[in-house]
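First comes the structure, then the notes that go with it.
Values below: every heavy atom of this structure, side chains too, minus hydrogens, waters and symmetry copies. Within every chain, numbering begins at 1; the chains are lettered A, B, ... in the order of the sequence lines, protein sequences first and strands thereafter.
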2 protein chains.
Amino acid sequence: MLSTNTFRYRGTVPSATDERPYHHGKLRAALLEAAERHLRGRGADELSLRDLARELGVSHAAPRRHFADRQALLDALAEAGFARLDTALRAALAAAEADFPARVRAAMTAYLRFATENAALLDLMYTSKHRPGATRIGKAAEAPFGLMNDLIAQGQAQGALEPGAPERIGIVLFATLQGIASIINGSIVKPELLDDLVETAAQQFLRGARPLTGNS
Amino acid sequence: MLSTNTFRYRGTVPSATDERPYHHGKLRAALLEAAERHLRGRGADELSLRDLARELGVSHAAPRRHFADRQALLDALAEAGFARLDTALRAALAAAEADFPARVRAAMTAYLRFATENAALLDLMYTSKHRPGATRIGKAAEAPFGLMNDLIAQGQAQGALEPGAPERIGIVLFATLQGIASIINGSIVKPELLDDLVETAAQQFLRGARPLTGNS
DNA sequence: CTACAATGTAGCTCATGACAACATTCGGGT
DNA sequence: ACCCGAATGTTGTCATGAGCTACATTGTAG
């Protein structure tokens with residue numbers, strides 16, 4: 001597509017000079033890749049379409065061919081983010097021990113690893129001004145959520161968690177993770193405390209949601 | 001310019017006509033008030049200084065006399081937000097029963113009430129790009145934090161919580177609150193579930209952080 | 001090989017934040 | 001009272017970015 005000329009440029013090879021081909025070829029993918037890179041460290045509101053266009057050596061209006069507006073690019077980033085998060089969680093759970101506490105810790109750690117390494121992206125994923133027709137994002141978000149619910153259900157089956165709707169327990173666990181990510185990313189607490197926080201949260205969760213055995 | 005005669009006011013009260021006085025008089029306070037109002041529903045990034053100026057019937061450059069730049073206004077909003085949050089929490093705790101579980105629920109409810117009613121403001125308070133010299137915000141944030149720690153310490157004194165550094169336990173509780181606020185404000189879960197979530201989180205916290213009595 | 005779709009470009013409008021130069025008002029010192 | 005400097009507000013300007021339209025180039029299906 002972008003390589004191996006079929007006679008364009010009438011006899012001269014474009015790469016021989018610094019001439020860019022008129023068509024970038026993979027602009028959409030390149031924009032997403034560059035945007036995600038820009039998102040590391042900076043916030044989403046500092047992401048400029050024109051900036052990306054400049055970086056990719058393309059005119060300021062070119063991105064519009066692939067994303068109707070700025071928000072569309074952000075939505076696409078969020079959607080891709082959920083896919084990456086899902087992959088990371090699945091990988092972590094696949095590599096984890098079989099016993100429930102270990103699996104919970106593995107999932108929590110993997111989530112927070114993703115959340116702290118992709119702070120701005122995470123923010124985008126969850127605050128992406130859900131405009132009326134943002135079904136794709138909601139759809140993409142279901143995968144990680146389902147994973148968490150499966151984990152909870154598994155814990156209940158093993159008798160490690162009290163019975164009941166998995167969502168009821170799962171949402172609070174998810175909220176705690178989200179909150180930890182938030183206070184780390186917001187520099188409220190030092191990143192060094194992350195492991196400590198995860199361990200405390202895991203213990204509280206496992207103790208707080210286990211079945212009632214005799215005493216109150 | 002907009003007033004023709006140079007002799008305006010000379011013995012007449014300005015409010016008698018619709019002429020605005022050259023000096024607004026309380027521009028800073030009015031800006032903060034208007035900004036906070038604009039923040040309800042919309043996000044902080046949609047807050048425009050020029051918009052505020054227009055609304056207050058003042059020139060587009062006037063706000064600059066009171067806030068060096070946009071971020072300075074946002075910082076001031078965040079600072080005021082922490083003060084309001086502190087007030088709300090203190091009021092809730094003052095009105096609460098003496099027993100620890102009731103006080104925890106009161107604090108959690110008050111926090112989440114503030115958080116959901118001031119979504120954009122809360123976001124501002126915790127993501128306000130902490131620029132190097134943002135000491136004022138950090139200072140303002142300490143009050144609510146101290147309150148939470150006091151509550152934890154009180155629970156420990158009553159034997160309702162395991163001993164240890166209050167922060168260690170408190171941070172996780174705070175994170176959970178923050179996370180619940182985040183998923184409600186981000187429309188991940190329906191607002192109607194808020195009370196349910198609070199109750200579940202409270203139960204898990206009280207059970208998960210209480211002293212170990214005999215069994216593991 | 002030709003018409004049309006896809007993709008990229010150039011140039012415009014509009015809004016905003018930041019800045020500078022100037023105007024008006026307020027208040028304190030004499 | 002009066003004057004002068006400090007606050008506070010105004011107009012004008014610039015740079016940047018989003019979004020739009022008209023146009024140019026390339027890819028491709030028929």
Side-chain angles (χ1 to χ4, degrees), chain A residues 1-15 19-32 34-35 38 42-77 129 131, chain B residues 1-15 19-32 34-35 38 42-77 129 131:
Chain A
M1 197 165 280
L2 65 63
S3 67
T4 62
N5 54 344
T6 59
F7 292 171
R8 40 176 194 195
Y9 298 140
R10 288 288 164 68
T12 65
V13 177
S15 49
E19 305 261 343
R20 289 174 294 97
Y22 189 91
H23 284 135
H24 180 286
K26 297 178 187 170
L27 224 205
R28 187 190 159 92
L31 282 169
L32 286 174
H38 275 227
R42 274 153 301 197
D45 51 348
E46 313 179 38
L47 199 156
S48 150
L49 291 181
R50 286 166 114 98
D51 221 8
L52 295 179
R54 270 190 293 273
E55 180 175 321
L56 297 177
V58 104
S59 87
H60 65 88
R64 222 175 117 67
R65 292 290 171 205
H66 301 277
F67 302 99
D69 56 14
R70 201 183 109 96
Q71 188 59 42
L73 170 64
L74 298 183
D75 286 353
L77 282 173
K129 327 293 180 220
R131 41 178 168 186
Chain B
M1 207 108 312
L2 60 70
S3 71
T4 47
N5 58 345
T6 49
F7 288 176
R8 55 177 186 186
Y9 303 151
R10 272 303 158 70
T12 67
V13 177
S15 51
E19 304 261 344
R20 290 173 294 98
Y22 189 92
H23 283 135
H24 180 288
K26 296 177 187 170
L27 224 205
R28 187 190 158 93
L31 281 168
L32 286 173
H38 276 227
R42 273 153 303 198
D45 50 349
E46 313 179 38
L47 199 156
S48 149
L49 291 181
R50 286 170 113 100
D51 219 8
L52 295 179
R54 270 190 294 271
E55 179 174 322
L56 297 178
V58 102
S59 86
H60 64 86
R64 226 176 111 68
R65 291 290 170 207
H66 302 276
F67 302 99
D69 56 13
R70 200 182 111 95
Q71 188 59 42
L73 170 64
L74 297 183
D75 286 352
L77 281 172
K129 326 293 178 218
R131 40 178 168 186

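Remark: B/Arg64 is not in phosphate contact with D/dG9, judged by side-chain N or O atoms under 4.0 Å from OP1 or OP2. Contact annotation: B/Ser48 does not reach the phosphate of C/dA15 (side-chain N/O to OP1 or OP2, under 4.0 Å).
Taking atom CZ of B/Phe67 as the reference point, atom C1' of D/dA7 lies 15 Å away to the nearest angstrom. The distance from atom CZ of A/Arg70 to atom P of C/dA15 is 18 Å, rounded to the nearest whole Å. Atom NE2 of B/His66 is separated from atom P of C/dG17 by 16 Å (rounded to the nearest Å). B/Leu56 places its CG atom 15 Å from the C1' atom of D/dT8, with the value rounded to the nearest Å. The nearest whole Å value for the distance from the NZ atom in A/Lys26 to the C1' atom in C/dG8 is 18 Å. Taking atom CG on A/Leu52 and atom C1' on D/dT16, their separation rounds to 15 Å, with Å as the unit. Atom CD in A/Glu46 sits roughly 15 Å away from atom P in C/dG17 (whole-Å rounding). Taking atom CG of B/Asp69 as the reference point, atom P of C/dC19 lies 8 Å away to the nearest angstrom.
Counting non-hydrogen atoms under 4.0 angstrom, B/Arg54 reaches the backbone sugars and phosphates but no base.
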Protein and nucleotides 26-28 of chain C: nitrogen or oxygen contacts under 3.5 angstrom:
none

Scan nucleotides 11-14 of chain C against the protein and return all N/O pairs shorter than 3.5 Å with their distances rounded to 0.1 Å.
residue, atom, partner, partner atom, Å
C/dG11, N7, A/His60, NE2, 3.3
C/dG11, O6, A/His60, NE2, 3.4

Test side-chain contact (heavy atoms from CB on, under 4.5 Å) applied to B/Asp51 and B/Glu46, step by step: CA-CA 10 Å; B/Asp51 219 8; B/Glu46 313 179 38; over 6 Å; no
Candidate pair A/His38 and A/Leu52, rule side-chain contact (heavy atoms from CB on, under 4.5 Å), full reasoning: CA-CA 9 Å; A/His38 275 227; A/Leu52 295 179; 3.9 Å; yes
side-chain contact (heavy atoms from CB on, under 4.5 Å) between B/Phe67 and B/Leu77, worked out: CA-CA 11 Å; B/Phe67 302 99; B/Leu77 281 172; over 6 Å; no
Derivation of the side-chain contact (heavy atoms from CB on, under 4.5 Å) call for A/Leu31 and A/Val58: CA-CA 10 Å; A/Leu31 282 169; A/Val58 104; over 6 Å; no
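Nearest-nucleotide assignment on DNA chain C puts the 5′-proximal partner with B/Asp51, out of B/Asp51 and B/Arg65.
The CZ atom of A/Arg54 sits 10.5 Å away from the CG atom of A/Leu49 when rounded to the nearest 0.5 Å. Within the model, atoms CG of A/Leu32 and NE2 of A/His66 stand 10.0 Å from one another, a figure rounded to the nearest 0.5 Å. Distance OG/B/Ser59 to CZ/B/Arg64: 11.5 Å, rounded to 0.5 Å.
With C/dA18, D/dT10, C/dT7 as the choices, the nucleotide that has an atom nearest any side-chain atom of B/Ser59 turns out to be D/dT10. Distance from the side chain of B/Leu49 is smallest for C/dA18 among the nucleotides C/dG8, C/dA18, C/dT16.
The nearest pair of heavy atoms linking A/Ala62 to A/Leu27 is CB-CD1, 3.8 Å. Of all the heavy atoms in A/Ala34 and A/Glu55, the pair that sits closest is CB-OE2, 4.0 Å.
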